[in-house]
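Small disclaimer: the values here were computed from a predicted structure and weren't measured.
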Amino acid sequence: MIWTPEAIERNLPMCAEEIATRLGYKDVNTFYRNRHKLSLIEGMPRPISRTGKQAYDRAGMEAWLTRHDPRRPPAAANDAIAPPAPSSDGEWNSFLHQHYGADA
């Protein structure tokens, strides 16, 4: 199934043809030849189907396809405030002892 608004709305898996089109390949065979390299080097998600026609999770592939988009918001940080940068090992050990109750 090639991209359709219904596929996005129903969160249907992405097929190889749709991914090849989104990557700019003219032929799906080019995608099949390059998918191992895309997985290893570029970090492309693995298919959700183990046998038969390859299908990929739509949310994961959308995130992967737009990973370098400058309009994408920055990743959320786990902490509201960045941890302090210690100036010495002793300062870092006291910070760890204060917050975790043990010496590093």
Side-chain angles (χ1 to χ4, degrees):
M1 170 187 296
I2 301 297
W3 176 88
T4 62
E6 177 191 358
I8 292 175
E9 185 178 313
R10 293 182 48 210
N11 197 25
L12 297 176
M14 275 190 173
C15 63
E17 292 87 3
E18 181 178 354
I19 297 168
T21 303
R22 297 275 305 269
L23 290 173
Y25 295 142
K26 294 181 179 179
D27 185 22
V28 73
N29 291 326
T30 306
F31 169 71
Y32 283 127
R33 283 193 305 272
N34 292 325
R35 70 179 170 186
H36 185 68
K37 178 186 73 144
L38 291 169
S39 294
L40 291 178
I41 297 171
E42 299 289 331
M44 184 181 84
R46 291 178 168 256
I48 56 176
S49 57
R50 293 183 183 234
T51 58
K53 193 173 181 180
Q54 298 289 309
Y56 295 82
D57 176 55
R58 182 166 297 278
M61 283 306 298
E62 286 292 341
W64 182 77
L65 288 167
T66 60
R67 68 195 181 280
H68 299 302
D69 190 343
R71 296 171 296 177
R72 188 173 180 173
N78 291 337
D79 296 327
I81 300 171
S87 59
S88 67
D89 288 340
E91 184 180 318
W92 184 242
N93 284 337
S94 65
F95 173 80
L96 291 175
H97 183 70
Q98 177 185 359
H99 288 86
Y100 299 104
D103 291 326

- Task: For Arg67, check salt bridge (charged side-chain N to carboxylate O under 4.0 Å, His left out) against everything at least two apart and list the hits.
- Result: Glu42

- Hits for side chain to side chain contact (heavy atoms under 4.5 Å, CB included) against Thr30, two or more places apart or cross-chain, chain-then-number order -> Tyr25, Asp27, Arg33, Asn34

- Message: So which atom in Pro13 and which in Ala55 form the shortest heavy-atom distance, rounded to 0.1 Å?
- Response: CB-CB, 3.9 Å

- Message: Rounded to the nearest 0.5 Å, what separates atom CH2 in Trp64 from atom CG in Asp57?
- Response: 14.0 Å

- Message: Hydrophobic clusters here meaning ILVMFWY residues chained together by side-chain heavy-atom distances under 4.5 Å, can you tell me if Phe31 and Leu65 are in one?
- Response: yes

- Item | Ile48 CD1 to Gln54 CD distance, which is reported to the nearest 0.5 Å | 10.0 Å

- Message: Pair Glu18, Met61 - check side chain to side chain contact (heavy atoms under 4.5 Å, CB included), show working.
- Response: CA-CA 11 Å; Glu18 181 178 354; Met61 283 306 298; over 6 Å; no

- Using side chain to side chain donor-acceptor pair (under 3.5 Å) as the criterion, list what pairs up with Arg71, not counting sequence neighbours. Asp69

- Over all atoms of both residues, closest heavy-atom pair of Arg35 and Tyr56: CD-OH, 4.0 Å

